[in-house]
Amino acid sequence: SRLCLTAKPPSDGGVVSDDGDESASESEAKLSSNKVEAFLARRWSAVSPASPKAHVEVLVKWRGRSHLHVSWEREAPLARSDTQLMTRLRAFTKTTPPLGAAPRHRAAEEEVVEDALGALAAVKEGASRSTGGVEPATITVEHSTSPAEPPPLPLPAADALPFLRPGLYTVEYVIAVRPALDGTAARELLVKFEELPVALASWEYEANLPDSHLLPLLAAHQASIDAPCVPNPSNKRVKAPRLDKSPVFGGERTLRPYQLEGVNWLLNAHGARRNVLLADEMGLGKTAQCVATISLLHERCATGGPYLVVAPLSTIGHWGREFRVWAPQLRTLTLHGSAEDRRVIKEWMWHREVAANSGDDAGQRRGKSKQRAAQGYAFHVLITTYEMLMTEATPLSSVPWAYMVVDEAHRLKRRDGRARKDIERLDVRRLVLLTGTPIQNSTSELFSLLALLDEDRFGDEQALVARYG
């Protein structure tokens, strides 16, 4: 597995100095040469009275460790430790701007100035004796007024932050929690970072992560354990009251009047047990209407979930953002990415254990749903793509979806298309198709979508064409 504990990185101090003195970590640098994943930046080291000579340092990303543990290492020892690293360093140097002149510590400069002043005094004394006391022109030696470079920050990653995008070290969500493997009272968190795929999630000590940002993420993870999403096996008709005024979503969002009308229509269709096609024009907020509907179904109609959204790859990010803004109380998961990404999602972020009495007694009377009623899920809403319907057909078809939204549903107009067959294979209680693209005034294409919604009512294409042309 690529998930691993990001242990303490190699020390960023005490590497081999450029004059050949070996420190405690040179042997480690040599042994770890194959663990260097990437070079991120170059700089001159800080100078001080204890270390007046500047050395070139490179910011190293270590293989198998997150960006929280990048460290500055001296370039020369790394290059000497491995010929491949030397080649990589030379290639990296060509891609970075020149460093300029090496900084010098002010104390060293003052020693040079004092020597120069001493030599000047000796020259002046000799010249005075030879010229009968007439002094030559004064020679001025300017002292450097630039302040000394501040010492490095105490945390290895702190002085690296200007060279890292925040999304590389900002935690997006917590996947799992476990006791520390070192036997201490500390905890380790399996976290996903904002700009990195799930497969690169890593175990981090809780103390290494900022509390202010971590607390709500830990609360959300704990909620997925304490209150998992449990499907409601009952198919009892629950009618949502008509909304005369838009509720407030996400603390500040409200629906426009025409969007509120659309949400009322969707809620009414759900209460009437009808699958529907929402074909508003583009830009009128179909996504917001669907997210608001799912939020109201979950909060006011006890549909239980889970809810499935199928959308093109280019729009799944938009769907995720809309759920975070309009329905932050719903845990949303995106199923996409590499095979390793999906493996991590299914292993760590799919199922949750449910107490024996959590299922509805009605689930014991439904036969097929008996086992499913006791199965909980870490998410309320799953967002995925058309391609994943085929690639992940087995796990997706095993979930009893309470509500499903299919974006850009005009892609399903071919009754023999693969995407259409993948949709039909799912266990879905209510289906909503969205499209903002005209169906080219083709009654046949419209009939194909209507047949997907309700095959009993729309089973005869010729009758529909004869009636509506």
Side-chain angles (χ1 to χ4, degrees), residues 256 258-259 261-263 265-270 272-294 307-323 326 334-336 381-393 396-397 401-469:
R256 298 179 183 273
Y258 64 86
Q259 292 174 330
E261 183 178 353
V263 169
W265 180 73
L266 289 171
L267 292 174
N268 181 69
H270 180 271
R273 301 179 181 176
R274 289 198 308 267
N275 299 328
V276 293
L277 170 66
L278 179 60
D280 277 354
E281 295 181 9
M282 295 181 64
L284 295 183
K286 293 188 296 296
T287 303
Q289 293 177 58
C290 289
V291 173
T293 299
I294 291 175
Y307 312 96
L308 178 63
V309 174
V310 179
L313 176 61
S314 60
T315 65
I316 59 174
H318 173 65
W319 276 97
R321 289 188 295 271
E322 291 295 276
F323 270 102
W326 287 84
T334 300
L335 179 62
H336 181 64
V381 180
L382 183 73
I383 303 172
T384 192
T385 65
Y386 284 91
E387 293 75 19
M388 291 298 103
L389 292 179
M390 177 178 64
T391 306
E392 298 294 341
L396 289 174
S397 60
W401 303 104
Y403 202 78
M404 177 179 178
V405 177
V406 181
D407 196 7
E408 296 195 16
H410 50 273
R411 297 175 58 169
L412 306 176
K413 60 187 180 184
R414 288 182 51 203
R415 303 192 69 174
D416 59 345
R418 182 58 188 261
R420 172 80 171 247
K421 293 180 179 179
D422 293 334
I423 294 286
E424 293 173 339
R425 188 166 51 236
L426 300 176
D427 180 4
V428 179
R429 182 171 294 174
R430 294 290 170 264
L431 175 62
V432 175
L433 303 181
L434 302 182
T435 179
T437 302
I439 313 179
Q440 299 179 355
N441 296 321
S442 170
T443 308
S444 177
E445 292 178 2
L446 175 61
F447 174 81
S448 177
L449 296 180
L450 294 177
L452 176 60
L453 295 172
D454 192 338
E455 193 170 6
D456 294 334
R457 293 182 61 189
F458 302 99
D460 187 348
E461 181 177 354
Q462 297 302 322
L464 184 73
V465 172
R467 181 173 181 180
Y468 298 103

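All figures in this text were calculated on a predicted structure; none of them were measured in a lab.
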I want to check something: taking the side chain as every heavy atom from C-beta on, are [X] and [Y] in contact at a cut-off of under 4.5 Å?
X	Y	result
Trp265	Gln289	no
Val406	Tyr386	yes
Thr287	His318	yes
Thr293	Val432	no
Val381	Val291	no
Val310	Met388	no

The criterion is side-chain contact (heavy atoms from CB on, under 4.5 Å); which residues satisfy it with [X], sequence neighbours excluded?
X	answer
Asn275	Arg430, Leu431, Leu453
Ala311	Thr315, Ile316, Trp319, Asp407
Asp454	Asp456, Arg457, Phe458

Rounded to the nearest 0.5 Å, how far does [atom2] of [Y] lie from [atom1] of [X]?
X	Y	atom1	atom2	answer
Arg415	Ser448	CZ	OG	5.5 Å
Leu284	Leu278	CG	CG	9.5 Å
Leu389	Asp422	CG	CG	5.5 Å
Leu277	Leu433	CG	CG	5.5 Å
Lys421	Leu426	NZ	CG	15.0 Å
Leu308	Trp401	CG	CH2	4.5 Å

From CA spacing to verdict: side chain to side chain contact (heavy atoms under 4.5 Å, CB included), Asn268, Arg274: CA-CA 9 Å; Asn268 181 69; Arg274 289 198 308 267; 3.6 Å; yes
Closest non-hydrogen atom pair between Leu449 and Ala409, with its separation: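 Taking Leu449 first and Ala409 second, the nearest heavy atoms are CD2-O, 3.5 Å.
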Residue pair Arg429 / Ala402: nearest heavy atoms and the distance that separates them: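 Closest approach of Arg429 to Ala402, heavy atoms only: CB-O, 3.6 Å.
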Partner residues of Trp326 under the ring-ring contact (aromatic ring centres under 6.0 Å, His included) criterion, sequence neighbours left out: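 By the ring-ring contact (aromatic ring centres under 6.0 Å, His included) rule, Trp326 matches Phe249.
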Residues in ring-ring contact (aromatic ring centres under 6.0 Å, His included) contact with Phe323, at least two apart in sequence or another chain: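 Phe323: no ring-ring contact (aromatic ring centres under 6.0 Å, His included) contacts found.
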Worked verdict on Leu396 versus Leu335 for side chain to side chain contact (heavy atoms under 4.5 Å, CB included): CA-CA 10 Å; Leu396 289 174; Leu335 179 62; 4.1 Å; yes
side-chain hydrogen bond (donor to acceptor under 3.5 Å, both in side chains) partners for Glu424, two or more places apart: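 side-chain hydrogen bond (donor to acceptor under 3.5 Å, both in side chains) check on Glu424 returns Arg420.
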Main-chain N/O of Leu313 paired to Thr385 side chain as donor or acceptor, under 3.5 Å: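 Answer holds: no.
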CD/Glu387: more than 12 non-hydrogen atoms of other groups inside 6.0 Å: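 Yes, enclosed.
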